[in-house]
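Notes for the one structure printed next.
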Amino acid sequence: MPAPFRIYNSLSRNVEDFEPLRPGHVGLYVCGMTVYDDCHVGHARAMVVFDAFVRYLRYRAWDVTFVRNFTDVDDKIIARASEAGVEPLAWAQRYIDRFHEDMSSLGLLQPSVEPRVSTSMESIQALIGRLVADDHAYEADGNVWFDVASFSEYGKLSGRDEEGLSNPDSFGGKRSPRDFALWKAVKPGEPSWESPWGPGRPGWHIECSAMAHETLGATFDIHGGGLDLVFPHHENEIAQSECGNHAHYAKIWMHNGLLVVPGGRKMGKSEGNMFAIRDAMTRFPAEAIRLYQLQNHYRSPLLWLGNESLTDALAKLARLYDAREVAESFGGQQDADEVASALGDDAAAVLELGRSFVERMHAALDDDFNTSLALGHAFELARAINRFATHKKARKRGGPIVAPALAGLQVLSEALGLLSLTTEAFQDEVKAKRLGALGLDAAAVEAKIAERTAARQAKDWSASDAIRDELSGWGVEVRDTAAGTEWRLRLSDGDA
RNA sequence: GGCGGCAUACCCAAGUGGUUAAGGGAGAGGUUUGCAAAACCUCCACUCCCCGGUUCGAAUCCGGGUGCCGCCUCCA
């Protein structure tokens, strides 16, 4: 039996015990991208949050069908493509490819299914057909409109009543300002598909209803997306789906909070403050971006301070990696409890913390996916490890003491996609990305380090210190350890 | 204007009725180090936007106020 969990449902405005429609299975539909431009850090929030959520559910033995769509037929795509003199679908394909590159470099899972509007025309038209047949929709001048008045529950998700529900689409004879387009009659120069109502293309909302129905059925477990989609998009999805399928739509609506910039505005293409994932990825490791996104609760707004945010996340990530590496270096074969009683309170503390770690992580994540609390537990464990590591005998005998902690930290990689690399691979990625940003190359740094090592061996401290100061000026920090001199790139300040 | 949400230290942030209000970052002092870095230790909110109320007891519930944000137009 998969583990039970609780999740906030935007529809009921309450945290609810999750009850699957099918035992052991979760059907999840997440609104994906309209592919007319590159994915920015704000989009990454939704992508990372749901990626981590899916990972966690699978880790907890749920069988998850994860659907995330592409909107590849849309006004903005047509407009951009036309400016560029490219076919709209080719333009969309270009950004689908780039999206896939971005997701892959961020280390995100592929959804189980990635339906597209352009290849879902049959199910879209079938759903519109059912709505027309049942008088939930009507045709006018080659457009098909959803008749909002025909659905008494309209507004139940967004909490709006009639006054707040006017829809601005105004072309082609709709009956009420609240009605919205299911099918838009073709206009010159636009892509179109044949339909019973004449050539045209789908309205914005119908696609998700149709694709969710096609991939998950009329009723499914969880529908996710950004908080900004609640109205009108998700409200309209409910109306179309419940009227067209004569069934309740998603049981749970899960909305992620938005990224906001210091002025307080959310990040958005229309706000002119977007920061592309691929730009962030040239300077920071993927996991720093993940940690940044997961460090507060998924429903809260998250402040974006540019490089400062990622530098902060990178420092935190390095702390976790370092602590894990320290623990991995411990040896010893004795019984853990015997070692603990021999080595004292700090040993006993890590042992205890390690043993309860997984349980506490599960408790945090089962409670409305509280990644912030979960990460808090991880830092607490890291400190306990480091504290224990200050004891002289820890390295030789501490292995059994930190074994439960190390096993527990696996949760982070399996469930959240963090700490999934070796420390060395992680540091290599940091170096590879940040050397470029600092305008350095590794060979030059290594040469200086070798020079300094020679000076140190000669106990020529002033020469050694001069070299260290020079490296420091470059943004390189040296770390003299028992095993030799390591170097790292400074995380703070001087960011290119 | 309507609907929804948020307000916890210098910054990020957990906690939503009951031990000393998690955790991280920054800062100060100390230990360690050839000197550093990292790490560790100590300090850093008698208090949770404000005012009332409920309660034996509230950051947590209720009412009012203030501020901020999202949506109402495309939006993760």
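Only a predicted model underlies this, so the values are computations on that prediction, with no experimental measurement involved. Below, chains carry the letters A, B, ... as their sequence lines are ordered, and counting in each starts from 1.
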Open item on the list: Rounded to whole Å, please give me the gap between CG in A:L375 and P in B:G15.
Closed with: 13 Å
Task: Pair partner, B:C71 [Watson-Crick or wobble, under 3.5 Å] - done: B:G2
TODO: Carefully, step by step, assess A:F99 and A:F70 under the rule ring-ring contact (aromatic ring centres under 6.0 Å, His included).
DONE: CA-CA 10 Å; A:F99 178 84; A:F70 284 115; 5.3 Å; yes
Task: For B:U20, the Watson-Crick or wobble counterpart (both distances under 3.5 Å) - done: none
- [ ] Compare the minimum distances between each of B:G15, B:A76, B:A13 and the side chain of A:N370, then state the nucleotide with the smallest one.
- [x] B:G15
Open item on the list: With nearest nucleotide decided by heavy atoms, which residue, A:G376 or A:Q295, maps closer to the 5′ end of RNA chain B?
Closed with: A:Q295
Task: Span that lies between the C1' atom of B:G63 and that of B:U55, in whole angstrom - done: 16 Å
Task: Whole angstrom value for the distance that separates P of B:A7 from CG of A:N296 - done: 11 Å
Open item on the list: Would you say that more than 12 heavy atoms from the other residues, nucleotides or ligands in this model lie under 6.0 Å from the NZ of A:K431, or not?
Closed with: yes
Task: Proximity to the side chain of A:M33 - top-ranked nucleotide from B:G4, B:A76, B:C12 - done: B:A76
TODO: Select base, sugar-phosphate, or nothing to describe what A:G224 touches, counting heavy atoms under 4.0 Å on all strands.
DONE: nothing
Task: Residue A:R13, side-chain atoms from C-beta onward, closest of B:A76, B:A22, B:G5 - done: B:G5
- [ ] For B:A37, give its Watson-Crick or G-U wobble partner with both distances under 3.5 Å, or none.
- [x] none
Task: B:A14 pairs with, by Watson-Crick or G-U criteria that keep both distances under 3.5 Å - done: none
Task: C1' spacing across the pair B:A45 / B:A13, given as an integer number of angstrom - done: 14 Å
Task: Neighbour count above 12 (heavy atom, 6.0 Å) for A:D469 CG - done: yes
Task: For atom CG of A:L227 and atom C1' of B:G4, their distance in whole Å - done: 8 Å
Open item on the list: Below 30° counts as parallel, above 60° as perpendicular, anything between as tilted: where do the rings of A:F151 and A:F146 land?
Closed with: perpendicular
Task: Nearest-Å distance once atom P is located in both B:G18 and B:U73 - done: 42 Å
- [ ] Name all residues meeting the ring pair (Phe, Tyr, Trp, His ring centres under 6.0 Å) criterion together with A:H377; count only those two or more places apart in sequence or in a different chain, and write none if there are none.
- [x] none
- [ ] Using the P atom as the reference point in each nucleotide, state the distance between B:C35 and B:G23 in Å, no decimals.
- [x] 31 Å
TODO: Calculate the interatomic distance between A:H391 atom NE2 and B:U31 atom P; express it in whole Å.
DONE: 18 Å
Open item on the list: For the CZ atom on A:R6, are there more than 12 heavy atoms of other groups (residues, nucleotides or ligands in this structure) within a distance under 6.0 Å?
Closed with: yes
Open item on the list: In whole Å, I'd like the distance from the CG atom of A:N256 to the P atom of B:G4.
Closed with: 20 Å
Produce the list of close N/O pairs, under 3.5 Å, pairing protein atoms with atoms of nucleotides 19-21 of chain B; give distances to one decimal.
none

TODO: In whole angstrom, give the distance that lies between atom CZ of A:F231 and atom C1' of B:C69.
DONE: 19 Å
Open item on the list: Between C1' on B:C69 and CG on A:D228, what's the gap in Å once rounded to a whole number?
Closed with: 13 Å
TODO: With heavy atoms under 4.0 Å as the rule, sort A:H297 into base, sugar-phosphate or nothing.
DONE: sugar-phosphate
Task: From CA spacing to verdict: ring-ring contact (aromatic ring centres under 6.0 Å, His included), A:F388, A:F330 - done: CA-CA 11 Å; A:F388 172 53; A:F330 293 169; 5.7 Å; yes
TODO: Measure up the A:H223 and A:F220 rings against each other and bin them: parallel (under 30°), tilted (30 to 60°), perpendicular (over 60°).
DONE: tilted
Task: Nucleotide forming a Watson-Crick or wobble pair with B:U47, both distances under 3.5 Å - done: none
Open item on the list: Within the supplied structure, the quantity of interest is the number of heavy atoms (other residues, nucleotides, ligands) at a distance under 6.0 Å from A:E470 CD; does it exceed 12?
Closed with: yes
Task: Watson-Crick or G-U wobble mate for B:A58, both contacts under 3.5 Å - done: none
Task: Residue mapping more 5' on RNA chain B - nearest nucleotide basis, A:P301 or A:D74 - done: A:P301
TODO: Grab the two heavy atoms, one from A:Q295 and one from A:S372, that are nearest each other, plus how far apart they are.
DONE: O-OG, 3.0 Å
Task: Between B:U42 and B:G4 - C1' atom distance, rounded Å - done: 45 Å
TODO: Give me the one residue out of A:E287, A:K316, A:E424 that meets side chain to side chain donor-acceptor pair (under 3.5 Å) with A:Y321.
DONE: A:E287
Task: Nearest-Å distance for atom pair CG/C1', residues A:L291 and B:C12 - done: 11 Å
Open item on the list: Considering every strand and a 4.0 Å limit on heavy-atom distances, what is the contact class for A:G42: base, sugar-phosphate, or nothing?
Closed with: base
Open item on the list: Give me the distance, rounded to whole Å, that separates B:A38 from B:G27 when you measure between the P atoms they each carry.
Closed with: 10 Å
- [ ] Let me have a per-nucleotide readout for nucleotides 33-43 of chain B, 5' to 3', with B, S or -, counting only protein heavy atoms under 4.0 Å.
- [x] -BBBBSSSS--
- [ ] Find the partner of B:A28: check Watson-Crick (N1-N3 plus N6-O4 or O6-N4) and G-U wobble (N1-O2, O6-N3) distances, both under 3.5 Å, and reply none if neither fits.
- [x] B:U42
